[in-house]
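A short worksheet on the structure shown next.
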Amino acid sequence: MSDPFDLADEPPPPPPRSPSAVLRLDALNDTQRAAVEATEGPVLVLAGAGTGKTRVLTTRLAYILAQGLARPGEVLAVTFTNKAAREMRERVSALLGQPVEGWWVGTFHALGARILRIHAEAVGLKPNFTILDADDQLRLVKQLLEAHGIDEKRTPARVVLAAIQRWKNRGLGADAVPAAEGAGVADGRALSLYAEYQDRLRTLNAADFGDLLLHCLTLFQADAEIARRYQRRFRYILVDEYQDTNVAQYLWLRVLAQAHHNICCVGDDDQSIYSWRGAEVGNILRFESDFPGAQVIRLERNYRSTPHILAAASGLIAHNEGRLGKTLWTELNEGEKVVVRGVWDGEEEARVVCSEVEALQSKGETLNEMAALVRAGFQTREFEERLITLGIPYRVVGGPRFYERQEIRDAIAYLRVIAQPDDDLAFERIVNVPKRGLGPASLQAVHRLARAERLPLTAAAERLIGTDELKPQARNRLGGLLHDFARWRSLSAVMPHPELAALVLDESGYTGMWQASKAPEAAGRLDNLKELVTALADFDSLGGFLEHISLVMENEESTAADKFTVMTLHSAKGLEFDTVFLPGWEEGVFPNQRSLDEGGTAALEEERRLAYVGITRARQRAVVLFAANRRMFGRWQSSVPSRFIDELPPDNVEPVSEPGLYGTAPARGVGGLNDSAAWTAGDSWRPRRFRAQPLIDAVAFDVGARDAPERPFEAGQRVFHQKFGYGRVIAVDGEKLEVAFEKAGTKKVIDSFVEAA
DNA sequence: AATATATGCGTTTTT
DNA sequence: CGCATATATT
């Protein structure tokens with residue numbers, strides 16, 4: 001981080017090629033090797049799911065270094081996530097057999113921040129500028145709206161902020177937005193609010209995420225010499241997940257690639273699922289015209305999934321238009337078909353999945369190799385409940401993050417004010433936490449002065465306590481706080497920062513506040529604060545720590561324990577599992593209602609890509625589920641199976657459904673998932689039939705009784721029936737069981753009416 | 001300043 | 001339905 005690249009100097013010629021560093025490429029297939037060796041000029045690597053994308057990327061990087069084509073500091077490798085950046089670092093170091101120092105590997109935002117810290121003054125910031133998170137941004141916009149007396153109901157801060165972010169994603173500063181575009185948002189005031197927002201950021205000495213790239217663009221444009229230095233420096237540029245780049249990121253890359261043109265972008269247009277966040281599939285579709293003379297290399301050999309899974313995914317995604325097109329193939333053995341299973345409701349869906357999980361586990365599969373991938377967060381709940389009931393260890397990815405917890409944000413706010421006195425947002429957050437009798441009235445006085453004199457809040461507060469405007473008590477308290485801050489700030493020069501943090505939390509009364517609290521969560525919060533102080537020790541400065549938490553918001557989950565995973569499809573991108581469950585494939589859930597209502601074809605296609613991502617996560621088994629009924633927002637709704645189910649190629653699908661529910665084959669446990677004798681694939685489960693049949697049949701069920709058989713019943717097995725009570729199976733005939741009930745005598749029943757006892 | 005009640009709203013979220 | 005905000009109430 002601290003390496004002061006001397007950008008003024010032309011880098012010396014690359015060192016001579018060293019034979020000891022030659023990299024073996026024989027583990028790669030021909031196409032992969034071609035992608036590694038095509039180092040010169042623009043290259044687009046279209047890497048289908050499971051085709052060894054990461055391997056190519058890391059080998060290519062190692063190859064460039066090993067061949068002596070560039071020194072580490074002359075290579076720029078850009079990712080979207082810190083996880084991907086870390087993986088790249090580790091894998092390249094492993095390939096080279098030594099750690100690589102001084103190279104530029106990181107996320108767009110981290111790299112943008114790194115450049116910006118060096119040239120902050122050029123865009124009106126100081127080098128220690130704060131990076132605001134989403135919460136800070138929103139509060140800032142709220143303040144602006146309030147200051148203008150704009151009704152938050154009519155013009156929600158969220159909407160204004162979203163507009164600003166969209167502009168930033170497109171590389172548009174406030175002065176560059178076409179006036180017509182501002183007209184539609186926030187009663188036509190969005191544009192002026194944008195300008196004002198930027199103004200405030202500058203006063204706060206702060207940048208939001210979008211700024212980290214946008215300011216770079218401004219910088220490069222304003223100072224051609226600086227741009228030229230970076231252009232010369234970066235001989236080789238590598239970009240991961242190119243389909244997810246937005247316009248600002250594209251422009252950023254284009255500037256940096258201008259001198260050497262050695263830019264290699266890896267991506268898959270079929271896995272573009274972040275357009276709602278500003279990603280432009282167009283970037284990847286246009287690559288050849290954007291970078292003239294570009295080579296396009298397609299990685300199409302899939303090493304991950306069985307042919308059925310691959311064919312199901314390919315057949316589905318073929319319904320999208322405007323693709324670059326790839327034909328994935330594999331040499332793996334056929335494997336199991338994709339199971340499509342209809343169930344009664346969400347609860348049963350969870351039951352079915354979890355009993356499959358248990359069954360697989362008892363066959364020796366590990367929980368780490370199984371996951372349920374849902375469309376939206378609310379779907380995780382039913383799974384969690386069931387997993388808890390059964391005592392299956394699990395993790396839900398994407399819960400509340402450590403640095404987003406209230407107590408952590410409060411603590412960080414203290415540190416932020418110490419590190420950067422102009423950080424009003426942080427100051428406001430903790431000025432009265434714990435309670436210091438500095439309520440709205442006092443704060444308003446500070447604000448008034450700050451606005452009038454265009455001062456940061458701390459400076460205004462400083463001046464205010466020199467006057468008699470505040471009541472004596474408030475004046476004393478505020479003075480005391482400012483005094484503390486000054487003291488802590490001077491201590492920060494001499495005291496190790498973890499110690500300082502502990503001292504600040506203590507002396508400010510913040511720890512005491514939670515110690516005194518009798519809230520049930522207080523103990524946990526104190527633990528978290530301790531953890532925070534411990535975490536500080538991993539960084540060599542307070543600034544470094546603050547940078548880290550701004551840019552690295554991820555949860556680092558220990559992968560040691562064997563756990564079943566529940567997560568959204570979005571966060572599953574890039575991962576793989578032996579077994580993947582895909583619940584909730586119903587119209588309105590997946591594809592999501594909102595994309596159906598608002599986004600038109602483009603949004604539907606993105607949903608379809610999401611489905612594609614889901615299926616292609618599976619190595620061995622994919623199970624798609626849909627429920628006939630689902631409770632949404634507290635209301636029961638009967639639902640129609642997703643159109644995506646119809647789009648799966650029938651030959652690669654094994655339909656399984658509840659008897660009577662959809663008139664299809666009886667459901668079975670793991671061993672029986674392939675039992676589809678009653679089903680000619682490709683017709684009986686089509687929506688037409690669904691609509692005609694299910695509701696009536698379903699209502700006829702004794703709902704309490706119908707629990708899905710979790711595994712095939714066997715003679716002699718003890719079972720339970722809602723109406724007849726306990727009994728023992730005498731004979732099995734397909735879905736029909738003969739059961740000797742203890743109280744009701746021997747009866748013939750359908751298996752879905754009984755459960756294993 | 002702190003609790004009680006009303007209201008509103010409800011995808012995905014790498015940084 | 002369940003959560004997060006806003007407003008009312010003491």
Side-chain angles (χ1 to χ4, degrees), chain A residues 78-87 106-114 131-135 137-138 142 151-153 156-158 162 165 168-169 207-214 240-241 243-246 248-249 271-279 346 373-382 397-401 403-404 406 432-441 517 519 547-555 567-575 584 588-599 603 606-607 609-611 613-614 630-637:
Chain A
V78 198
T79 64
F80 272 86
T81 66
N82 292 293
K83 195 174 151 208
R86 196 186 326 121
E87 195 176 320
T107 63
F108 276 101
H109 298 274
L111 294 166
R114 182 166 167 186
I131 299 169
L132 297 189
D133 63 24
D135 210 69
Q137 295 176 51
L138 200 61
K142 275 187 180 155
D151 181 13
E152 259 242 56
K153 289 229 170 74
R158 304 195 46 76
Q165 267 162 346
K168 289 190 175 184
N169 286 338
D208 66 15
F209 281 115
D211 284 343
L212 297 178
L213 293 156
L214 197 51
D240 193 11
E241 306 279 17
Q243 78 281 350
D244 288 337
T245 51
N246 62 34
Q249 288 158 340
Q271 293 186 64
S272 164
I273 55 176
Y274 282 107
S275 77
W276 50 274
R277 258 182 129 246
L373 310 181
V374 298
R375 178 59 184 74
F378 73 85
Q379 292 172 265
T380 60
R381 236 177 78 179
E382 277 156 331
V397 176
R401 302 191 257 209
Y403 294 120
E404 283 171 1
Q406 183 194 333
N432 202 28
V433 180
K435 296 275 179 303
R436 298 188 174 91
L438 296 170
S517 162
E547 181 91 346
H548 173 83
I549 56 166
S550 316
L551 294 172
V552 183
M553 291 294 279
E554 71 192 355
N555 272 343
M567 65 177 143
T568 64
L569 288 158
H570 280 91
S571 41
K573 195 176 68 160
L575 304 178
V589 174
F590 190 35
N592 186 274
Q593 192 60 47
R594 233 153 78 192
S595 61
L596 252 27
D597 293 343
E598 293 165 18
E606 182 148 319
E607 293 285 300
R609 289 194 290 269
L610 204 44
V613 167
R630 193 173 288 279
R631 197 159 61 175
M632 291 192 75
F633 305 139
R635 298 206 165 278
W636 280 99
Q637 278 186 295

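Both backbone and side-chain heavy atoms feed into the values below; hydrogens, waters and symmetry mates do not. Here is how names work: the chains are called A, B, and so on, in the same order as the sequence lines, proteins then strands, and each is numbered from 1.
- His109(A) places no side-chain N or O within 3.5 Å of a backbone atom of Leu551(A) that could act as its donor or acceptor partner.
- Taking a cutoff of 4.0 Å between a charged side-chain nitrogen and a carboxylate oxygen, Asp208(A) and Lys168(A) qualify as a salt bridge.
- Contact check, Asn82(A) against dT14(B): no side-chain N or O comes under 4.0 Å of OP1 or OP2.
- At the heavy-atom level, Arg635(A) lies nowhere under 4.0 Å from the strands shown.
- A side-chain donor from one of Gln137(A) and Gln165(A) sits under 3.5 Å from a side-chain acceptor of the other.
- Side-chain nitrogen and oxygen atoms of Arg381(A) include none within less than 4.0 Å of the OP1 or OP2 phosphate oxygen of dC1(C).
- Take the nearest nucleotide of DNA chain B for Lys573(A) and for Asn432(A): the residue whose nucleotide is more 5' is Asn432(A).
- Relative orientation of the His570(A) and Trp276(A) rings is perpendicular, given thresholds of 30° and 60° on the angle between their planes.
- Here dT14(B) presents its C1' atom at 16 Å from CG of Asp133(A), a figure rounded to the nearest Å.
- Contacts of Ser595(A) with the nucleic acid, taken as non-hydrogen atoms under 4.0 Å apart, include base atoms.
- dT5(C) and dT12(B) have their P atoms separated by 16 Å, with the value rounded to a whole Å.
- An OP1 or OP2 oxygen of dA2(B) is reached within less than 4.0 angstrom by a side-chain nitrogen or oxygen of Lys435(A).
- Nucleotide dT13(B) holds its P atom 7 Å from the NE2 atom of His570(A), rounded to whole Å.
- Distance from the side chain of Arg594(A) is smallest to dT11(B) among dT15(B), dT14(B), dT11(B).
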